[in-house]
Number of protein chains: 2
Amino acid sequence: MRRKSRTGDGDGNTRQRILDAAERLLAEKSYHAVSTRMITEAAEANTAALHYHFGTKEAVVQAIFERRLGPINRKRIKLLDAFENQQEPDLEEVLKAFIGPTLMLNASEGERYFKMLSSNISMDPSEELRRFSFDFYREVGEKFVRLIARVCPHLTPEELFWRMGCVYGAMVYIRADNGRLQLILGHELSFRNDTRGLEMMARFLAAGLKAPAVF
Amino acid sequence: MRRKSRTGDGDGNTRQRILDAAERLLAEKSYHAVSTRMITEAAEANTAALHYHFGTKEAVVQAIFERRLGPINRKRIKLLDAFENQQEPDLEEVLKAFIGPTLMLNASEGERYFKMLSSNISMDPSEELRRFSFDFYREVGEKFVRLIARVCPHLTPEELFWRMGCVYGAMVYIRADNGRLQLILGHELSFRNDTRGLEMMARFLAAGLKAPAVF
DNA sequence: AAATAAGTCAAGCGTTTGTTTGAAATGTCT
DNA sequence: AGACATTTCAAACAAACGCTTGACTTATTT
């Protein structure tokens, strides 16, 4: 029998439970639609525990990102650096190096939630959340863009910008996996089988980037 | 001198002012980050006026969509229907027919805000807002998907699904124009010049869809 | 076993949320 | 000008918001 009140059992993993609960809720709802009370109730913790461990609601998201994104970005940088001294890197491989680590997150339920959550944060228009994306994605993002620009010398800065918008959009939309496309297509597919998905995305995006310039 | 209190002047355009204010705010912030009070204050209207004219906060968004999306979707359907009896429609043209009317929204400030707002709503993970997208986009979305599936017989349903995810992602991300990519690329471009942008997007996405299947 | 630190608790802080009320002001019609 | 419907108003509703408090329980150290 699961006890409803956890009075005084102090098992010391409250911090983790809060992170896990927030991770799930933020995958299902936008940041401003999730309250600290919803998080702590789902975590079977006290409201004050959240502020004791993290300080603010925003800091909870910060902690979620720090927990998951460190390993991911290290992997991305390592993979991208391997292309840096290469004469003519294969575009599909570059794309897989950049997208793969953020897409192949199926080792745990929490990873799957983080995949969606991080995508939601990356699309949120609110100013407060825009800083987030910048702080966490700037380094690897700049590395990626430099590499793409080198592999795509046929594109002007303007056209590169628009095509990068398509690339980022595809990444964010597929990682969000919000279920809208399924409704239109009418079948029960999802963006979860990411080993196959990564191949298909890389094929699509590489062909898009390689296409002759319009201007 | 602009009077702060609009007591009793009853100029009868309160409804419009509320829609305009909500349109701007929802382009800048997510649905749950915008309150009815923020909307009515920006519209220089009374809080009760919003509920008098619309009933609920959600109905305001509904009204915004009805005001703008009717003409847009009629145009899309007309353009797409022209391909229906065509033997081999040109893929870039099909994409321009579908994307164009939702991207070329620069006739007024309100249209530009709606472009961003509608994209934000289309990406919001909240269940309540998911219905929205379905109700307003289903018909034209299904028409578009059928057409793409016909032009792309080399793709399995699974691969078509992933590539459509890339297409939708690019559309939504570029229309949102949330400024994150500019930060990474470091220059002052934007997704606002949409006559050129539409050409570049169609080129990219058509090449992606036409690429040989992976599976 | 006493002292200190770390964590959890119910309760409440002031503020904001979406929405409602009933009266007052305006517009329209005869 | 009088009557009736439409619109706007200040004020308030209960509920929920992020966050804080101070007492209390557990864990660690000595």
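Convention: sequence-line order gives letters A, B, ...; per-chain numbering from 1.
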Whole Å only: how far is the NE2 atom of A:His32 from the C1' atom of D:dG18? 12 Å
Here's one to test your reading of the geometry: is the NZ or CZ of B:Arg76 within 45 degrees of the ring axis of B:Phe98 and under 6.0 Å from its centre? yes
Under 4.0 Å between a Lys/Arg side-chain N and an Asp/Glu carboxylate O for A:Arg67 and A:Asp20? yes
Between A:Glu58 and A:Arg131, does any side-chain N to carboxylate O distance fall below 4.0 Å? yes
Tell me the interatomic distance from A:Gln16, atom CD, to C:dT8, atom P, rounded to whole angstroms. 11 Å
So, is A:Thr14 close to the C:dG7 phosphate, meaning a side-chain N or O under 4.0 Å from OP1 or OP2? no
Between P on D:dG18 and CD1 on A:Ile18, what's the gap in Å once rounded to a whole number? 13 Å
Check the distance between D:dT6's P and B:Arg15's CZ and give it to me in whole angstrom. 15 Å
From B:Met200 CE over to A:Phe161 CZ, what is the distance, rounded to the nearest 0.5 angstrom? 9.5 Å
C:dA10 P sits how many Å from A:Leu50 CG, rounded? 16 Å
With a distance cut-off below 6.0 Å to the six-membered ring centre and an angular limit of 45° from the axis, does B:Lys143 pair with B:Phe83 as a cation-pi contact? no
In whole angstrom, give the distance that lies between atom CG of B:Asn13 and atom P of C:dT26. 15 Å
Between C:dT19 and B:His51, is there an OP1 or OP2 to side-chain N/O distance shorter than 4.0 Å? yes
Measure from the side-chain N and O atoms of B:Arg130 to the backbone N and O of B:Pro125, and report whether any donor-acceptor pair falls under 3.5 Å. yes
Centre of B:Phe134's six-membered ring, under 6.0 Å away, within 45 degrees of the axis: is that where NZ or CZ of A:Arg180 sits? no
What parts of residues 52-68 of chain A reach DNA chain C, counting only heavy atoms under 4.0 Å away? A:Tyr52, A:His53
What is the distance from atom CZ of A:Arg192 to atom CG of A:Leu105, rounded to the nearest 0.5 Å? 13.5 Å
Would you say B:Ser35 places a side-chain N or O within less than 4.0 Å of OP1 or OP2 belonging to C:dT16? no
Listing time: all N or O pairs from protein to nucleotides 11-13 of chain D that are below 3.5 Å?
unit_1, atom_1, unit_2, atom_2, d
D:dA12, N6, B:Arg37, NH2, 3.2

Below 4.0 Å: OP1/OP2 of D:dG18 and any side-chain N or O of A:Thr36: yes
Is the closest basic N to carboxylate O distance between A:Lys96 and A:Glu93 below 4.0 Å? yes
